[in-house]
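Structure first, commentary second.
Hydrogens, waters and symmetry mates play no part in the numbers below; they use all other heavy atoms, side chains included. In this text, all values refer to a predicted model and were calculated from it rather than measured experimentally.
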Amino acid sequence: KTQEQNVWHHTNQPTMSSLRIVCGMVMVGMTCGLEARTSVAAAAAPFQPDGPIAIDGVTLLRSYVSPGSVNSSLYSVQASAATYTRPVLLIDLHGESRYQLGFAYGFLFGKEIQDAYTLFLTKLIGGSNVDKAIEVVVGLALDWQWDSFLSVELPQVYADEIRGIVAGAAADGKSTAAGKEVNRITVLANAPGDLKDFVLVLIAEWKERHPHEPKVVARLLDLLSRETGGGPPHGHCSMFGAWGSRTEGGNLFSGRNLDWESDTGINKYKLVTVFHPPDAIAHATIGFAGVYGALTGMSAKGLTVHEANLEENEITFAGFPWLLRLRYVMEMASNASEAKALWEHTNNTVGFNHMVGSAADAEALRNGDASAHPALVMETMAGYTAFFGSMDAREQAATYFDNTTKKTEQIGFPLPEAVWRTNHGYDPVIRSHFEWSQAPSSWSMERYEILHQSFLDLEAAGTKIGLAQAVNITAVVGDKGHATPYACQDTPTGSNVLSVAYDPANLVMAAAWERNTGTTWRPACCSTYLQLDMKRWF
């Protein structure tokens, strides 16, 4: 259960080097570069837009009209000042049933789904020189996990949508395997960040179903680990929420970085998907073609959803795949309390940090409801979830014993009216099952402290967080592929493929994607943030 203290706490940890993000504002968003300075807050003046930042417009690419005369459309987003070689796409889905919603997606986007899956899998298992037989083996392993485990708890509405995707793609003659490819991508997204942990999942699930045939799966797993040269990509994601006295109007502002497998080629299918389910709340997801779920997103009720890897040793695929679980939360919940109830009635899989942001709770808090949670963190593993609001006692009490120096160091620094996470947890049970380093020098802890310092710097300067500052905070900790987070450069080693900041009270978001390829590849946090007013689409 959530443990909270209504107190203001100040810590005496060392002050870290801070940062000023210099952003050129464009008609569609913000192009950000970073350079070392004395304070994040020093950028507040040049970073603030002087009015609404609108995209140039959208261009209709194609449409689908359902049997019930409901229109769904695919658009390209026009942004003349953006730095992307291919435009961002937006698909607006409507349907009189869930099947028709999926049919429209498959009809409008079937070829792109197939291409995105092929590009992603090829990069993941070692590049274009990998034997095609290995691709087949990997595909069979992913199908097995989907059919036997991840699909079992899936609500029928999503099964209906996936059936529609298959039929829609086939009807347009673009793909006969679109649904299978969507399912496989969902399995890959749900995998742990470490090959060893992914293998543990496969072994456990196989032994449960086939207790007398362990040698079969052992041979398969050995083949996968040797031939692919790796496994699911490491995740270094991050997220935050801030509200109350820290923000403009006391509203919630939140952000999310996806640090995943970079330069796969799927950045040519940058995508915003707007769902209008006939039986639930309209919502938007931000990501790429074929990723049929919420890497991150926002609903018409002002609910935002976020994720970051959390490497735990209590893991299973017998649960609700998180991409669709976050969609489920957005389309069924209007506030954090409803989101928490939905979460508690569904099952976790592998370890992840998640967060739900709620514009309604920020408003309720302003109106005197002390029980409201404008942002709620969930630290998860199989069979267990720990919920956190701001100023949680567990986070404040967290320490790390250094075996080398024989000293105990504080590693938790919660603040009022803000929550944030990188890739470690603070609940004692979660910490006891954590597989990666919890040392203060770990990359996850360093990024946690950078976010902490960003809030302190803005507070000290008297700068309220608005959308521009939310972009600022988010961009700093996106993985740029080199030793410092304080500079942008072309580099093939980074992993930040998606970076999004939200102003959910006004249903506005600013999203950036990775761009280019090879030696000129750039992380999303160093690309153009396009500002989208989602009121038009909801």
Taking every non-hydrogen atom, the tightest pair across [X] and [Y]:
| X | Y | result |
| --- | --- | --- |
| I281 | M332 | CD1-C, 4.2 Å |
| N309 | W436 | ND2-CH2, 3.2 Å |
| A191 | V350 | C-CG2, 4.4 Å |
| M355 | A375 | SD-CB, 4.2 Å |
| I286 | A511 | CG2-CB, 4.1 Å |
| G293 | L324 | CA-CD2, 4.3 Å |

Answer whether the closest heavy-atom distance between the side chains of [X] and [Y] falls below 4.5 Å.
| X | Y | value |
| --- | --- | --- |
| I430 | L310 | yes |
| N423 | N353 | no |
| S358 | H373 | no |
| T422 | L451 | yes |
| D479 | P523 | no |
| E417 | F455 | no |
| T247 | L252 | no |
| K123 | E261 | yes |

I'd like to know if the side chain of [X] reaches the main chain of [Y], judged simply by a donor and an acceptor atom lying under 3.5 Å from each other, with no hydrogens or angles considered.
| X | Y | answer |
| --- | --- | --- |
| S148 | Q145 | no |
| T517 | W521 | no |
| N496 | C525 | yes |
| S254 | G241 | no |
| K340 | S337 | no |
| K480 | G494 | no |
| E514 | D263 | yes |
| N516 | T520 | yes |
| D427 | R394 | no |
| S454 | I450 | yes |

Item to check | K268 atom NZ, neighbour heavy-atom count above 12 within 6.0 Å | outcome: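 Yes - once you tally the heavy atoms of other residues, nucleotides and ligands closer than 6.0 Å, there are more than 12.
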[X]-[Y] side chain donor-acceptor pair, cut-off 3.5 Å:
| X | Y | answer |
| --- | --- | --- |
| E153 | N347 | yes |
| N257 | S499 | yes |
| D457 | Q453 | yes |
| Y269 | D115 | yes |
| Y448 | R421 | no |
| T346 | R325 | yes |
| T380 | N348 | no |
| Y292 | E161 | yes |

Checklist entry - Considering the options F288, F120, W513, which one meets the ring-ring contact (aromatic ring centres under 6.0 Å, His included) requirement together with W260? => result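 Going through F288, F120, W513 one by one, the ring-ring contact (aromatic ring centres under 6.0 Å, His included) with W260 is satisfied by F120 alone.
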Checklist entry - Would T408 and Y400 satisfy side chain to side chain contact (heavy atoms under 4.5 Å, CB included), going step by step from the backbone distance to the final call? => result CA-CA 5 Å; T408 298; Y400 174 82; over 6 Å; no
Next on the checklist: Does the plane of the ring in H306 sit parallel, tilted or perpendicular to the ring in Y502? Use 30° and 60° as the thresholds.
Outcome noted: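 Rings of H306 and Y502: perpendicular, as their planes differ by over 60°.
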Next on the checklist: Angle between ring planes, F320 versus Y328, binned at 30° and 60°: parallel, tilted or perpendicular?
Outcome noted: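 Plane angle between 30° and 60°, so tilted.
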First locate atom [atom1] of [X], then atom [atom2] of [Y], and finally report the distance between them rounded to the nearest 0.5 Å.
| X | Y | atom1 | atom2 | value |
| --- | --- | --- | --- | --- |
| W322 | H354 | CH2 | NE2 | 6.5 Å |
| T349 | N190 | OG1 | CG | 3.5 Å |
| F317 | S151 | CZ | OG | 12.5 Å |
| M381 | E435 | CE | CD | 11.0 Å |
| M445 | E409 | CE | CD | 9.0 Å |
| K270 | S527 | NZ | OG | 9.0 Å |

Next on the checklist: Applying salt bridge (charged side-chain N to carboxylate O under 4.0 Å, His left out) to E307 and R256, what does each step give before you reach the verdict?
Outcome noted: CA-CA 7 Å; E307 175 271 344; R256 143 71 152 149; 2.8 Å; yes
Checklist entry - Taking it one step at a time, do I113 and V182 satisfy side chain to side chain contact (heavy atoms under 4.5 Å, CB included)? => result CA-CA 7 Å; I113 294 170; V182 163; 4.0 Å; yes
Next on the checklist: Walk me through whether Y426 and R431 qualify under side chain to side chain donor-acceptor pair (under 3.5 Å).
Outcome noted: CA-CA 6 Å; Y426 285 99; R431 292 188 68 196; over 6 Å; no
Checklist entry - Should L458 and I473 be marked as a side chain to side chain contact (heavy atoms under 4.5 Å, CB included) after you check the CA-CA gap, both sets of side-chain angles, and the distance that decides it? => result CA-CA 10 Å; L458 289 165; I473 295 166; 3.8 Å; yes
Next on the checklist: Using the rule given for side chain to side chain contact (heavy atoms under 4.5 Å, CB included), can you reason through L303 versus V356, listing the C-alpha separation, both sets of side-chain angles and the distance that settles it, and then say yes or no?
Outcome noted: CA-CA 7 Å; L303 207 74; V356 172; 3.7 Å; yes
Next on the checklist: Using a strict threshold of under 4.0 Å (side-chain N to carboxylate O), is an ion pair present between R246 and E459?
Outcome noted: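 Salt bridge: yes.
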Checklist entry - Is it true that C488 and C526 have SG atoms closer together than 2.5 Å? => result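 Bridged: C526 to C488.
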